[in-house]
Amino acid sequence: VIFPHGGPLPRHPSQLYEALGEGLILFFVLFFASRTAWFKAVPGRLGGLFLSGYALARIVVECFREPDPQLGFLFAGATMGQLLSLPMLAIGLWLIFRRK
């Protein structure tokens with residue numbers, strides 16, 4: 001898509017990717033997971049699934065976005081959004097797999 005005021009080059013419509021990944025797909029994953037006994041057994045597992053699912057969706061979508069002009073690419077070619085999603089992913093996984 002060529003965006004107005006975005007330059008002459010076509011770009012990925014990352015807003016639609018975010019709406020699909022962080023919205024619709026994550027909603028259905030959480031909806032069906034909330035119906036399983038494993039996620040109901042320990043408080044916090046569903047919240048952990050949300051955190052880790054949101055972080056994973058954000059990391060994937062950031063691959064298609066243009067990095068912030070003032071920051072550019074950071075450590076190992078990652079964007080700021082990807083780096084900030086890593087602690088969220090770690091906390092989400094901890095909430096899912098922790099013991100009672």
Do [X] and [Y] belong together in a cluster built from hydrophobic side chains that touch within less than 4.5 Å?
X: I91; Y: V42; result: no
X: W94; Y: L30; result: yes
X: M88; Y: L93; result: yes
X: Y54; Y: M80; result: no
X: I59; Y: L16; result: no

* Backbone of L95 reached by a side-chain donor or acceptor of R45 within 3.5 Å -> no

* Would you confirm whether E62, through its side chain, and Q82, through its main-chain N or O, come within 3.5 Å as a donor-acceptor pair? => no

* Relative to each other, are the rings of Y17 and F64 parallel, tilted or perpendicular (30° and 60° limits)? -> perpendicular

How long is the gap from [atom1] on [X] to [atom2] on [Y], to the nearest 0.5 Å?
X: L46; Y: F31; atom1: CG; atom2: CZ; result: 11.5 Å
X: I25; Y: L56; atom1: CD1; atom2: CG; result: 12.0 Å
X: L84; Y: R58; atom1: CG; atom2: CZ; result: 8.0 Å
X: F50; Y: F27; atom1: CZ; atom2: CZ; result: 12.5 Å

Validation row: [X], [Y] side chains within 4.5 angstrom (heavy atoms):
X: L89; Y: L51; result: no
X: L24; Y: F28; result: yes
X: R65; Y: R11; result: no

Heavy atoms only: give me the nearest [X]-[Y] pair and the separation to one decimal.
X: R98; Y: G44; value: NH2-CA, 3.9 Å
X: S85; Y: A55; value: O-CB, 3.5 Å
X: S14; Y: V61; value: O-CG1, 4.0 Å
X: I96; Y: S52; value: CD1-OG, 3.6 Å
X: I2; Y: P10; value: CG1-CA, 3.9 Å

